[in-house]
There are 2 protein chains.
Amino acid sequence: MTDHSTCQSCSQRFNSVFCKAKDEFVNQINEQKICNVYKRGQILFNEGSYPFGVYCINSGKVKLSHLGDDGKEQIIRLLKAGDVVGYRALLSGDRYSASAVALEDTQICFIPKELFVSVLKLDPGLAFEMMKLLSDELHRAEIKLTHLAQKPIRERLAETLLFIKETYGFEEDGITLNVRLSREEIANLVGTATESAIRLLSEFKKDGMVELDGKKIKILKQKELVRAANLQD
Amino acid sequence: MTDHSTCQSCSQRFNSVFCKAKDEFVNQINEQKICNVYKRGQILFNEGSYPFGVYCINSGKVKLSHLGDDGKEQIIRLLKAGDVVGYRALLSGDRYSASAVALEDTQICFIPKELFVSVLKLDPGLAFEMMKLLSDELHRAEIKLTHLAQKPIRERLAETLLFIKETYGFEEDGITLNVRLSREEIANLVGTATESAIRLLSEFKKDGMVELDGKKIKILKQKELVRAANLQD
DNA sequence: TCAAAAACATGATTTTTATCATGTTTTTTA
DNA sequence: TAAAAAACATGATAAAAATCATGTTTTTGA
């Protein structure tokens, strides 16, 4: 869904919630979509503002985060090519409860609210995929919630590193996490103080599980990291 | 949706996700629904088993909870008349990731999976309400997640008491929470150790905010409780 | 490009929270 | 209904995590 291409031929089409949508509606979306490039740090939308549509990520990376009651960021989701953002508030009929910010230069297509909703009503394939997406996100949120309540920070940090790997994968070298996050962002993903995240990353390094080179994080011993995460499945 | 009544005349119909469903489909559901009474403590479904349908609560109360990796319960949701349970796993195509247990004697109608899914495909009104429900639950989960990551236990306990009040309301006296939960269940809702929950409840009592009489909890000073919860809105 | 700002790192300390221990009360059930 | 079990309560202690302090390194922007 880049400027010069179409939704019909979009590389992410069958990798997204639109995979089951009928051609007829994909064509309609193609007519009305607006494509844009967001630079690293640019805001797609801000907590508290009204949703006017949904955002399809064609390439790049985006973080979705809340501000807690005392102003501290909590990162709710990490998004990549093929993901859609901004549907939660739109479907609830709320303002955005989270902000979306590009983590690197990112190509995004905007689909206006009215069009998205009308297609959702006419295309049960899309509606079903949407429900599946919401259900999966709800599942993830409930698991995370349980882990936040019950697991120590060390385990949650290990889990977060594995989650980052699942989401963005490795660079060509096969061991470096394919995203640059600040220590503060990692802490806000784990749900802890920045210093604690830094300290535990140093421990993981000392234990030989990871290698740290600025914001580059290499996973040296994934199995040990899985053990450190203490997951049941 | 009791045994002797019909979905068409169900007192919860317009108070539920089926509020926008077409009569035609409500009639179909009425034909195939199976109504049951669950005694306090009885299990509707168990984490790990396969979903065969969804459960509509006609009266009574149900808790939905996860087991954490170390076997500790985390209560995910509290459900009441008009609520539907068991749709998450069904829509995701997963096994149940949580168990549902009746908190008191509860009347529940079961709607078989195939019927529910087929109606969902044919009735955009129901599909939309379902998406709205999922979005709202996702929102709630994200807020809770942020609070678990950022707020101290005292604030979370206060918030939990207010949440229980929002969900189940008061008894006729206007101050007693209309549900009986053990201290352990309250702790598993807050995400803390049972002793911590007990201790902080005692503090709230000492501060005159609540009155404790076994499992009966009376809210004496709601405003102070709101302040103790330190919510932003 | 170089000065300022931000991010990173780590030790020391304090606060928060969990765990352990023990006694009491309530609930269950044989 | 009485004995056993479960739940509740609270103090003492230990562990976990946050905060504070300070110095170093990296990044940013004038």
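The sequence lines fix the lettering, A, B, ..., with proteins before strands; numbering per chain opens at 1.
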Taking the ring of B:Tyr87 and the ring of B:Tyr55, is the distance between their centroids below 6.0 Å? no

Is the closest basic N to carboxylate O distance between [X] and [Y] below 4.0 Å?
X: B:Glu104; Y: B:Arg180; value: no
X: B:Arg95; Y: B:Glu47; value: no
X: B:Lys151; Y: A:Asp69; value: yes
X: B:Glu185; Y: B:Lys63; value: yes
X: A:Lys39; Y: A:Asp105; value: yes

Is there a donor in the side chain of [X] and an acceptor in the side chain of [Y], or the other way round, less than 3.5 Å apart?
X: A:Lys216; Y: A:Thr176; value: no
X: B:Arg88; Y: B:Ser92; value: yes
X: A:His66; Y: A:Glu73; value: no

Tell me the interatomic distance from [X], atom [atom1], to [N], atom [atom2], rounded to whole angstroms.
X: B:Leu148; N: C:dT17; atom1: CG; atom2: C1'; answer: 14 Å
X: B:Lys72; N: C:dT19; atom1: NZ; atom2: C1'; answer: 11 Å
X: B:Leu181; N: C:dT26; atom1: CG; atom2: C1'; answer: 17 Å
X: B:Ile153; N: C:dT19; atom1: CD1; atom2: C1'; answer: 13 Å

For DNA chain C, which residues in residues 155-165 of chain B have a heavy atom at a distance below 4.0 Å?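 Heavy-atom cutoff 4.0 Å gives no residues at all.
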
Students often get this wrong, so: under 4.0 angstrom with heavy atoms, is A:Thr192 touching a base, only sugar-phosphate, or nothing? sugar-phosphate

Give one of base, sugar-phosphate or nothing for A:Ser202, where a contact means two heavy atoms less than 4.0 Å apart. sugar-phosphate

Name the residue closer to the 5' end of DNA chain D, choosing between B:Ala149 and B:Glu184 according to the nucleotide with the nearest heavy atom. B:Glu184

Between the protein and nucleotides 12-14 of chain C, are there any N/O to N/O pairs under 3.5 Å, and if so, what are the atom names and distances?
none

Mapping A:Glu195 and B:Gly191 onto DNA chain C by nearest heavy atom, which one lands closer to the 5' end?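 Upstream on the strand: A:Glu195.
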
Whichever of B:Arg40 and B:Ser196 has its nearest DNA chain C nucleotide further upstream toward 5': B:Ser196

Walking along DNA chain D from 5' to 3', note the first and the last nucleotide with an atom under 4.0 Å from a heavy atom of chain B, and give both.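 The contacted stretch runs from D:dA7 to D:dA12.
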
Side-chain heavy-atom pair B:Asp83, B:Lys80 within 4.5 angstrom cut-off: yes

Looking at every heavy atom in both A:Leu181 and A:Ile164, which two are closest together, and how far apart are they?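 Shortest heavy-atom separation between A:Leu181 and A:Ile164 comes out as CD1-CD1, 3.7 Å.
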
